[in-house]
2 protein chains.
Amino acid sequence: MPYTYEFPRPCLTVDCVVFGLDEQEKLKVMLIKRNLPPYKGEWALPGGFVRMSESLEAAARRELQEETGIENLFLEQLYTFGEVDRDPRDRVVTVAYYALVNLWEHRIYATTDASDAAWFPVSEMPPLAFDHSKIVQMALARLKGKVRYEPIGFELLPKKFTLSQLQKLYETILEKKLDKRNFRKKILSMNLLIKLNEVQTNVAHRAARLYQFDEQKYLQLKEKGFNFEI
Amino acid sequence: MPYTYEFPRPCLTVDCVVFGLDEQEKLKVMLIKRNLPPYKGEWALPGGFVRMSESLEAAARRELQEETGIENLFLEQLYTFGEVDRDPRDRVVTVAYYALVNLWEHRIYATTDASDAAWFPVSEMPPLAFDHSKIVQMALARLKGKVRYEPIGFELLPKKFTLSQLQKLYETILEKKLDKRNFRKKILSMNLLIKLNEVQTNVAHRAARLYQFDEQKYLQLKEKGFNFEI
DNA sequence: TCAAAAGTGTTTTATATACACCCATGT
DNA sequence: ACATGGGTGTATATAAAACACTTTTGA
């Protein structure tokens, strides 16, 4: 660099709120047990320092890859937290992201960076390090708001899913019951679901039809001013 | 500090997209002509470096105060821009905010920090320094989205306004014509406007009734689950 | 044959849209 | 008296909400 600016600089990190759905379609968040101070031994969001040679989103993806092994997941910037005392050691500003991961088709592992990783239901979160509880709260609010007018819920389901799975996903995130017939009427009327010639397997009752989200069609319709809405 | 983290640190700045409405209810953005390199002599968003002792929002408010003299305005975080090469001199991450200012009741001045400040209609923006054009585009999109489901438009109007002014504000921001009777029906049915016993002055036609936004009532209703929507 | 979830329409209610004329005021 | 924007109501169309029974399948 030919020149640098003469100002004191805060540390800059990224933190990720990774959401996943378990088999019972409970919404969970991935946490990491810290093996370094501060807050050693406490649960925290996966994240780390931004390197000088990578963008913020690249830093978030790298940390997720390192700590969980997940690549190519839905990732979106949430908010930047910059209270002066949010880290007891130094001034640290963190750019928070939230991610959605399909737990049916991907496995998550804990790596050397982190002593332990685990999934916690959003209703049973342990106390978190730093201001991470606040970050999770904001991510939940964002997810709840966004899932209604962008088709991001599909990121949490397997590629092929049943309408009941999809409905339960919305019920979980929106925290309210939906009417089965009205839900199906609405989602099918958008013509964004491809009805497959396949059904569920290994269920102890009538097997449900499988569907797939038609992303191509959604992108086309969006161009023409279509708005997804549940 | 007893300890600091050993990582290279990007510079951290804040930038503000300040929106105002002129007398014709045209939407404008405040720009500053840079008197220091890089991009010396070019137009840019007001902003500057975050100090170690202040939060991000405090930094944004301080810069606005210094560069425009405005205090107590609506200010909300927009997005954080962290591409590696967005500043030619050094790695600079910027937290962008957008602000809404009532130009009817406040004056804006340019100060010593900035050689010049001016308002530009959003449809006639000059080329901007750094990635500031992108930031303005995102702020416009945010404003357009948010004005429909949060009562933030009032921030751009004088405390006492006419329904026609309010309607024109929405037409300007949403970039589409609205039906007068339907608009009035909808906005009045929310019972969030206080009908004053006053009318416009100095107009060459029938003077319109003045209204005032009832923020107290809005906050109460919001608690109970009410959603503002235009 | 029983349990468990899949699948399917119609009626009612609420909300959004379309639409045109008279009124009050200042020049 | 005229130009300018202020102010008002109804009918239609569309979308949301409420609501219950039959079907299929595996255990």
Side-chain angles (χ1 to χ4, degrees), chain A residues 21 23-26 104 147-149 157-158 160-172 174-212 221 225-230, chain B residues 21 23-26 104 147-149 157-158 160-172 174-212 221 225-230:
Chain A
L21 277 191
E23 306 71 38
Q24 289 80 45
E25 302 212 35
K26 252 186 139 170
W104 276 271
V147 81
R148 286 185 43 209
Y149 62 91
L157 290 179
K160 300 172 180 182
F161 52 83
T162 70
L163 294 182
S164 293
Q165 283 179 309
L166 186 62
Q167 181 178 340
K168 197 162 181 195
L169 178 151
Y170 278 98
E171 290 178 335
T172 297
L174 300 177
E175 295 179 281
K176 68 174 178 188
K177 278 284 186 191
L178 300 174
D179 179 85
K180 184 160 64 164
R181 279 170 291 186
N182 292 338
F183 178 80
R184 284 166 185 238
K185 207 186 308 171
K186 186 151 188 182
I187 196 85
L188 291 175
S189 72
M190 290 192 239
N191 289 310
L192 289 172
L193 298 188
I194 300 166
K195 187 176 187 169
L196 301 174
N197 288 318
E198 289 179 66
V199 292
Q200 267 181 320
T201 51
N202 304 320
V203 283
H205 52 77
R206 176 174 176 179
R209 172 71 58 135
L210 291 171
Y211 290 81
Q212 202 176 325
L221 287 174
F226 168 83
N227 283 311
F228 180 89
E229 193 183 339
I230 287 291
Chain B
L21 276 189
E23 306 72 36
Q24 290 79 45
E25 301 211 38
K26 251 185 140 170
W104 276 271
V147 82
R148 286 185 42 209
Y149 62 91
L157 290 178
K160 301 172 180 182
F161 52 83
T162 70
L163 294 182
S164 292
Q165 282 178 310
L166 186 62
Q167 180 179 341
K168 199 163 180 193
L169 178 150
Y170 278 98
E171 290 178 335
T172 298
L174 300 177
E175 296 179 282
K176 68 174 178 188
K177 278 285 185 191
L178 299 174
D179 179 85
K180 184 161 63 164
R181 279 171 292 186
N182 292 339
F183 178 80
R184 285 166 185 238
K185 207 187 308 171
K186 185 151 189 182
I187 196 86
L188 291 174
S189 72
M190 290 192 240
N191 289 311
L192 288 173
L193 298 187
I194 300 166
K195 185 174 188 169
L196 301 173
N197 288 318
E198 289 179 67
V199 294
Q200 269 182 319
T201 51
N202 303 320
V203 285
H205 51 77
R206 177 175 176 180
R209 174 67 57 122
L210 291 172
Y211 290 82
Q212 203 174 327
L221 288 173
F226 168 83
N227 283 312
F228 180 89
E229 193 182 338
I230 288 290

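Chain naming here is simple, since letters A, B, ... match the order of the sequence lines and numbering starts at 1 in each.
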Does some side-chain heavy atom of [Y] sit less than 4.5 Å from a side-chain heavy atom of [X]?
{"X": "B/K185", "Y": "B/D179", "result": "no"}
{"X": "A/F226", "Y": "A/N191", "result": "no"}
{"X": "B/F161", "Y": "B/L193", "result": "yes"}

Atom pair distance, as rounded to whole Å: [atom1] in [X] and [atom2] in [N]:
{"X": "A/E229", "N": "D/dT14", "atom1": "CD", "atom2": "C1'", "result": "14 Å"}
{"X": "B/L163", "N": "D/dG7", "atom1": "CG", "atom2": "C1'", "result": "9 Å"}
{"X": "A/F183", "N": "C/dG7", "atom1": "CZ", "atom2": "P", "result": "13 Å"}
{"X": "B/Q200", "N": "D/dG6", "atom1": "CD", "atom2": "P", "result": "6 Å"}
{"X": "A/L188", "N": "C/dA6", "atom1": "CG", "atom2": "P", "result": "14 Å"}
{"X": "B/R184", "N": "C/dA18", "atom1": "CZ", "atom2": "C1'", "result": "17 Å"}
{"X": "A/N182", "N": "C/dT10", "atom1": "CG", "atom2": "P", "result": "14 Å"}
{"X": "B/L166", "N": "D/dG6", "atom1": "CG", "atom2": "P", "result": "13 Å"}

Assign each of B/A207 and B/D179 to its nearest nucleotide of DNA chain D by heavy atoms, then name whichever residue's nucleotide is nearer the 5' end. B/A207
If you find the nucleotide of DNA chain D closest to B/H205 and the one closest to B/R209, which residue's nucleotide is nearer the 5' end? B/H205
Looking at B/E25, is its backbone amide N or carbonyl O close enough to the side chain of B/T172 to form a donor-acceptor pair, meaning the two atoms are under 3.5 Å apart? yes
A/Q212 side-chain N/O to A/I194 backbone N/O, donor-acceptor pair under 3.5 Å: no
At less than 4.0 Å, is any side-chain N or O atom of [X] found next to OP1 or OP2 of [N]? Yes or no.
{"X": "B/K186", "N": "C/dA16", "result": "yes"}
{"X": "B/K185", "N": "D/dG9", "result": "no"}
{"X": "A/R181", "N": "C/dG9", "result": "no"}
{"X": "B/S164", "N": "D/dG5", "result": "no"}

When the nearest nucleotide of DNA chain C is assigned to A/A204 and to A/V199 on a heavy-atom basis, which residue is associated with the more 5' position? A/A204
Closest to the B/K180 side chain, choosing from D/dT23, C/dG9, D/dG7: D/dG7
